[in-house]
Structure formats: C-alpha cells, structure tokens
Amino acid sequence: MHSPPKPDLQAAATKADHAGAFDSELSILRDVFRLLPTGVTVQDERGEFLLVNDAAAALLQMAASAPAPTQASDRRDTCLELLRCGRSAVLEESITAGAVKQVFLTAHRPIRVAERNLLVSSSADITEQKAFEDQLFRSAYYDELTGLPTRRVIEHRVNSLLQCESVQGHFALAFLDVDNFKHINDYYGHAIGDALLVEITKRLALDLRESDVLSRISGDEFLLLLNPIRSEAEVAEYIHFILQRLKAPFFIDGSEIFASTSIGVSLYPEHGKSYELLRQNADIAMYRVKNGSKGAAAFFDAGMEREALARMKIEQSLRLAILEKRFCCAFQTKVDIRTKDVKGIEALVRLRDDEGVIQAPGTFINLAVELGLIDELTHLVLAEIVKSIDLINETFGPDTTISINVAAKQAGNPEFMRPFAEALEATGFPGRFMIEVTEDAFVTKTLFQDEILPIFRKLGVGVSIDDFGIGYSSLSALADITADEIKIDRSFITDIHQRPRSQGILRAIESLSEALGMTVIAEGIETFEELAYLQAATKIRYAQGYYFSRPIFLEELAPAIPLASEARSSHASRPAQENRAGYSRGRGYRR
C-alpha cells in the first residue's frame, strides 16, 4: 500500500480537529440547552418533539399526569395550528396536578431550518407572580373579612345593566345596615363583631341567584342587587324572608347575640336611572327605618327625599351655628322644696337661629350626636359658663352646683372625657360642676364606670344620673352605679298625686337611692299638686321644673330681680294656675 502524501495527512488531521471542536461545542450547547431554567422545546410539522430540555420535560410530564388529560392534547393542537398558520403567540398555560397548580407563560415561534418548518416554544413559570396578582385583585375587588364583592364591583354591575341598550327589565337595589353594631363591638369586642358580620353574610347570601350580587360596602353596611325582578311585591316578600332569617340569634364564641338589620330599597326605573341615585334613594329609605322602629324595611318614596333635604338643611345650619358660636345657655334651678333655697343650676344649651329666635335642644341635640358635633357643642357650653360665672354667682349664689349634660356616647369615649375633665380643671372651680349622664352610660359595657369616673372623682366633680326610668334602668342596676345624684324622669312625676302605681315606683327608687347615699331630684314639677304630694308623702328634698322657674337667660335678668331663693319663695305662695301660666313660655323661647 502506498502511504498518502504528507500534505493530505495534515489536512485530514486538521479536519479531524475541527470535527472534534464542533462536537465539543455542540455538546456544550446541548448541556446549556438542557440546563436552562426556562422550558424549551422544538417540534416538527407533525408535532413530534425534536429537542426537549429538562425544564420542558418536567412540564410535559406534569401535563400528562394531570387529572384532565386534555391539557397535553390541547397544547399539541395549539402548536400544530400555529405551525400551519406560521403565526407566533404568547399564551398562559395552567397545569393542575393534585394539590399543585402551576401557571406558565409560553411563547411559540415558527422557524424554518434546512427546508423544514419547526416550532420553538419557551415556557417560564409565573406561578408566584399570578398568585400575587390574584391577591391584589381580591384586595381591590373582594372584602377580606366576608369574601363579598366590594362597592366598586356592584357599582360596575349596576352600570353594566344600565348601559345595556336592550335593558327593559326591572331590578332592585337594597341598602342594609346592621342596627347598633357599634354597641355590639363595644360590648363583645371587635373579634366577636367581625365574626357576627361573617355570620350575617352567610344568612344574607342564602337563596341568591347567580344574577344577584351581595356586596359589603363598609363596616356594617351591605348592598344587595336583585336582578331581574317582576314586581315590588316580589321584592317585598324576599326582603321579609331576609328580616325573619336575621331575627334568629347568632351563637358566637359562647355568646348568644341578637342583631337586627334596617333595609331600604329602591327600584329601577321607578326610583332612579343611575347607580348613584338608586343607591342614594335606598340609603334614604334605610335611614327612615333607622329613625323609626329599626329591624324593618322600607321602599323609597318622594316624601323621603323631601325629608332628607330638610334634614340636610338643618345639618348645614347646625354646622354653621357651631362655626359661628351661635349658641347660648339658659339655666334652670334645682330647688330645695322645703326651704325654697337653690341647690344648683342646670346649664341648658340653646341655639339662636338666623332670625334671632331661640331654639330648644330637641331640634338639634340628637342630630349633633349623630354627626359627631356634640363634643364641640359641650365645650362651647363650658366656655359660656366660664364667661358668665360672675353673673351666675350674683344670680344664684356662689355655692350652687353647675350641671352640664353629657351624652351617653360621650361618656363612654375616653378621647372626649379626658380632655373634658382637663377643661373642667382649668376653670379653677371643678368642684362646683356636676356632669349629668343618662343611665345608658352606666349599664352598658363602657369604660365610664371603671376608668373615666375616677378621673372626675379626683377633681371633685359630681355625677348625676339624668332621666332615670326611661332607658335601660332597673332598681337592681342602681347597686352597681357610683353616682351622687339621681334625677327621676318627669314621666313618673306628672300627676303623681293621682297615680298610685307611679307612687309605688317612686317610693322604691327613693328608698334604694337613700340606702346608696344618692340625692334624689324630681324632674318636671309643673303644678302645686305635684309639689304638695312630694312634700307630704316622700322624703325627696329637691326638685326641678317650670313650677319653680323656666330656664333663665342671664342677659334677660334686670338688676332689680331678687336672688333665686327669694324669688322661689314668693312664687311658691301663689295659686297653682297663676304660677303655671307665668312659666309656660319665655320671650323668644320655644319650648
């Protein structure tokens, strides 16, 4: 055999070296391709895999073992369709295997290599990203506590119905508010309050159709879309079932809780043709129920709108009056019915309206409490007292106590009561003050008895139970109350000389109060007969009412008027009818 020429041997060696380098590089590329974290595959025209790296192999194996075998088949059909059309696509693929669910973002791209049509696909795992997006979506559109849709969801749903060109049907929007929910939270705690909202949600969601929407729009407020409806009677019947269902007690963490709900309903198109108007009118109807019996339902009507507008006008006037400090005080005496001496005075806030007419508190106090304006109003009363203290001393005497009314809602609120105690101390004469609170402040589970009362005791401020007998009172409850004075409501005093049952109740309250060291004051004395009975048949020493004095505006007093104790003595000696007429109404004063 002849040996090849030397140059041929060198060329062969070079070619072999190049082939080895190529194989080596190809091996490196295959290793890199195999270890890529992104799943990569290459498929031919028949859908057969030419190349599959490890990540893609795991994905395909998961799809093949999934309970729904169509997942792998659907993916293959999609790839063949993209190859046939020569079109790229980016798709989300969800694969569920047992309890594990993974989401992949897959990019498919057709290519042509060596006269062959191939499809290159790469898949990235976006499971964590999707979970985060879902969390953001749920926090934006679903309530975390109850799982219900939020306000924006039901608003969008109603607006979609309204924008539909073919909308000819009817639907109802119901506004639901849990009654006295704040009291439930205060008494049982917020954890129980939250659990109650969850249980209420379960009852409200019973029997809802797929086309209905229940939404929690704020703390204890819900909106319910009933769509479609045939008639108002149909809606009334369903709402009645809801109310009956909610009357059953809730058993939560060992507590039996009763909770009612007030409901207002508006109908489309009768009560509005926009979401905002329908919601507003349902809200108005709900407040009509709130201001009445509660725990009931009402459909909107035009009269409610007029009432709401009137209320809004009063609200604006009240806010303006507080801003302009157009409040003044009248003072009514507490009199010793045996000596006719003035024991103390009660400061009664009055509003001077735009025309200068004095308005009694019945027209604005409850609204001030509801709107959160009562705190500022109480501080205005205190400021008025301090400003007039010299005239108060001159008129009623320097030793008389001065009573200020504090709403039960304020009494249980440390954020008001602590600054108010500091304001009383800053007057320089806190020991002359007595705060009057209704019995609600004591017998409900608030901070007043345990934490707030000691602050006032330290200052020497007295405490009076106002309007006793018309709230949550019971004689046994008095044993747990620490107060200096108890004022028996006028409903027990009116015509007391003719009412044996009221006489018995009065004797019981008197005896228990005496045993507990509390002074008893009879409110609302208006006739000589009422006074005579108290003097003859009871040990009560003090009373308050129009028989002795109407509320007095200090600026109306002339220098010639004697001190209150002298005036009371002369008035008491007059015939009853003469006295009563003299105190029925003062100048510019509306009782």
Side-chain angles (χ1 to χ4, degrees), residues 31-44 46-85 87-111 118-157 160 194-195 197-199 201-202 204-206 208-216 225:
D31 289 340
V32 171
F33 174 78
R34 181 172 59 83
L35 297 175
L36 282 175
T38 301
V40 181
T41 64
V42 178
Q43 294 172 267
D44 62 16
R46 295 173 298 176
E48 300 296 333
F49 290 103
L50 303 181
L51 291 174
V52 178
N53 72 349
D54 291 352
L59 188 158
L60 293 171
Q61 185 177 4
M62 183 186 299
S65 62
T70 56
Q71 290 181 353
S73 177
D74 290 344
R75 188 182 194 275
R76 185 173 185 278
D77 292 341
T78 299
C79 292
L80 290 175
E81 178 64 20
L82 292 174
L83 262 175
R84 186 181 65 80
C85 298
R87 182 168 57 87
S88 298
V90 178
L91 306 171
E92 277 191 13
E93 297 177 335
S94 178
I95 300 177
T96 302
V100 179
K101 178 181 178 180
Q102 286 186 273
V103 183
F104 296 88
L105 186 65
T106 302
H108 300 284
R109 182 183 178 187
I111 61 173
L118 305 176
L119 183 70
V120 178
S121 303
S122 61
S123 300
D125 190 339
I126 58 169
T127 304
E128 291 186 7
Q129 179 183 335
K130 291 297 294 184
F132 182 68
E133 289 177 0
D134 289 343
Q135 182 182 351
L136 289 178
F137 177 83
R138 292 201 63 82
S139 63
Y141 294 101
Y142 289 89
D143 175 53
E144 182 178 0
L145 177 65
T146 63
L148 292 177
T150 60
R151 179 196 302 265
R152 65 176 64 184
V153 175
I154 196 168
E155 180 178 357
H156 176 76
R157 175 60 178 151
S160 297
D194 286 349
L197 289 175
V198 172
E199 294 303 314
T201 296
K202 292 177 181 177
L204 292 176
L206 288 175
L208 288 183
R209 302 165 297 183
E210 289 188 5
S211 56
D212 299 329
V213 179
L214 176 63
S215 169
R216 183 186 179 207
L225 170 65

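Values in this document were obtained by computation on a predicted structure and should not be read as measured data. Heavy atoms only: backbone and side chains are in, while hydrogens, waters and symmetry mates are out.
Here the shortest heavy-atom pairing between A205 and L214 reads N-CD2, 4.0 Å. Scanning all heavy atoms of the two residues, the minimum distance from R46 to R76 falls at O-NH2, 2.7 Å. Listed here is the closest heavy atom pair of T127 and K101: CG2-O, 3.6 Å. In terms of heavy-atom proximity, A55 sits nearest to P37 at CB-O, 3.6 Å. Looking at every heavy atom in both residues, V213 comes nearest to P149 through CG1-CG, 4.4 Å. Here the shortest heavy-atom pairing between C79 and L119 reads CB-CD2, 3.5 Å.
Partners of R84 by side chain to side chain contact (heavy atoms under 4.5 Å, CB included), not counting sequence neighbours, listed by chain and number: E81. In terms of the salt bridge (charged side-chain N to carboxylate O under 4.0 Å, His left out) criterion, D194 has no residue partners (sequence neighbours excluded).
Rounding to the nearest 0.5 Å places CG of L197 at 8.5 Å from CG of D143. For the atom pair T201 OG1 and L148 CG, the distance stands at 4.5 Å (nearest 0.5 Å). Atoms OG and NE2, on S122 and H108 in that order, are 8.5 Å from each other to the nearest 0.5 Å. Atom CG of L83 and atom OG1 of T78 lie 11.5 Å apart (nearest 0.5 Å). Atoms CG and CG, from L91 and L82 in turn, are 7.0 Å apart once rounded to the nearest 0.5 Å.
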Practice task
Apply side chain to side chain contact (heavy atoms under 4.5 Å, CB included) to L51 and T41, showing your working.
Solution key: CA-CA 5 Å; L51 291 174; T41 64; over 6 Å; no
Problem - Step-by-step side chain to side chain contact (heavy atoms under 4.5 Å, CB included) determination, R157 to L225 - result: CA-CA 9 Å; R157 175 60 178 151; L225 170 65; 3.5 Å; yes
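In R209, the CZ atom is crowded: over 12 heavy atoms of neighbouring residues, nucleotides or ligands sit closer than 6.0 Å. Counting heavy-atom neighbours within 6.0 Å of E144 CD, excluding the residue itself, gives a total of 12 or less.
With salt bridges taken as basic N to acidic carboxylate O contacts below 4.0 Å, one links K202 and E199.
Under a 3.5 Å cut-off, the side chain of T38 and the backbone N or O of S123 do not form any donor-acceptor pair. Remark: the backbone N or O of T150 is paired with a side-chain donor or acceptor of S215 at under 3.5 angstrom.
Of the candidates V103, D125, L105, V103 is the only one forming a side-chain contact (heavy atoms from CB on, under 4.5 Å) with K130.
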